[in-house]
There are 2 protein chains.
Amino acid sequence: MKPLSTEKERRILQVARDVFLEKGKQGARMQEIAQRAGVNKAMLHYYFRSKEQLYAKVLEAEVTQFVRHLLDAVPEEGDFFQFLEVFVKSYIQKVAASPQLVRFILWEVRDNVQVLGRVLQHIFQGEPVKNSPFFIRIQTAIAAGEIRPVEPLHLFLNVLSMCVYPFLMAPLLETVIPGLDVQASQFIHQREQEILQLIEKGLRPENQRETGE
Amino acid sequence: MKPLSTEKERRILQVARDVFLEKGKQGARMQEIAQRAGVNKAMLHYYFRSKEQLYAKVLEAEVTQFVRHLLDAVPEEGDFFQFLEVFVKSYIQKVAASPQLVRFILWEVRDNVQVLGRVLQHIFQGEPVKNSPFFIRIQTAIAAGEIRPVEPLHLFLNVLSMCVYPFLMAPLLETVIPGLDVQASQFIHQREQEILQLIEKGLRPENQRETGE
DNA sequence: GTCTATAAGTCGATAGAC
DNA sequence: GTCTATCGACTTATAGAC
């Protein structure tokens, strides 16, 4: 469908992505992108016409990536707590490896909500998000008595928050707690365990009396 | 100590705060700050010399605010779960009311870690953060058997994450889930309840066998 | 396709009158 | 203290030679 991008075009996009994620739309400089990509500044405009359009390409790709990271972390098999373990570990893996993506999305998407709309439309094809695997799994688990009744949206938010936020605040955390390194596998492993334990114990079904019919 | 700021100076600072929080350091325009404050652009430089210094003043004030929000949400009295309830409710209250502050801090502090360092030094006077009220409360609660043993840092992160992150992603959430309004008191109340329930059940001490010595 | 040179516009900052 | 006018630096974008 698309004419294949040239090697040079891909290199520019790759570098543009790095620069935009670091500096944001306003802070990024076409000059810097050109230099780091090893091409002339005029080439950027030859391939992408304007900063606006280059940014648009990067933003859309990264929003897609952001959503995919989430979906790719949702396993297809296993009971609820296996599902949870796989999800937490895969998602933390991704967020810890490149927290810049989350930082960038949270900062930039606010002024570009339409992009998110388009990407979601493309990925979910109009299917409501409440019917996506993550929510289905929660509802099924509740119905089966695997976990106590909770509001699926809030459980989703709780898991997500605990996986992401600490890595978002990494620069602050590491200033406050001198010895800390959030990228270290020791810290990452501790987080996985603490999150999973909190959720597992926190969702344990109430001492089962007979469930009403 | 400080000569009292004039009315006009305060108005400029107030507007500058709004603009910087909305657009970031790079995106903010002195022109816009001047207009919205109802003064001439030259006045900005008369009072604050440069954009750099105006920004520095705003950033330091907001970082301080960010830390204070946290500390002010920590109550002095009550048992552990009362403490938790007060904290979650007060902190969510603040974050929900102005998520821009968190967004701004997470985006900007990365390139200005020194500011955070200075603010913390000023607030904590060199006292390690691990000795701050929040951590003490957790340690005390564990020692007293009120809650099961957990890593204090991670419990702190878990609570914080669940209180903040959903409001950070509000623009995304509200796109994904059409009917949602995260500022609505209904949503806020639901979050408080879901967080508190998860934590309370998740931290319940194990069926006490004799604790080893 | 690639480069140099430069146009066109924006923004922070200041000079200087009042 | 306040305003207008403008400078000078920087940034995106393009014209035009090769």
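Quick note: numbers below take in every heavy atom, side chains included, and nothing from hydrogens, waters or symmetry partners. Proteins come first, then strands; the chains are lettered A, B, ... in the order of their sequence lines, and each starts at number 1.
- Taking atom CE on B:M43 and atom C1' on D:dT4, their separation rounds to 12 Å, with Å as the unit.
- Applying the 6.0 Å contact sphere to CD of B:E77 captures no more than 12 heavy atoms from other residues, nucleotides or ligands.
- Among A:K51, A:K23, A:Q35, the single residue meeting the side-chain contact (heavy atoms from CB on, under 4.5 Å) criterion with A:R29 is A:K51.
- Of all the heavy atoms in A:W107 and B:R103, the pair that sits closest is O-NH2, 2.6 Å.
- Protein atom CD of B:E7 is 15 Å distant from nucleotide atom C1' of D:dG1, rounded to whole Å.
- Summarising the geometry, the separation between OH on A:Y55 and P on D:dT11 is reported as 18 Å, rounded to the nearest angstrom.
- Computed from coordinates, the A:Y47 OH to D:dT14 P distance equals 17 Å when rounded to whole Å.
- Nucleotide D:dT11 holds its P atom 14 Å from the CG atom of A:L44, rounded to whole Å.
- For the pair A:Q193 and B:E151, the minimum side-chain heavy-atom distance is 4.5 Å or more.
- You'll find the side chain of B:H122 stays beyond 4.5 Å of the side chain of B:R118, heavy atoms only.
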Nucleotides 12-18 of chain C: protein proximity per nucleotide (B base, S sugar-phosphate only, - neither; heavy atom, under 4.0 Å): BBB----
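- For B:R68, the CZ atom is loosely surrounded, since the number of other residues' heavy atoms within 6.0 Å does not exceed 12.
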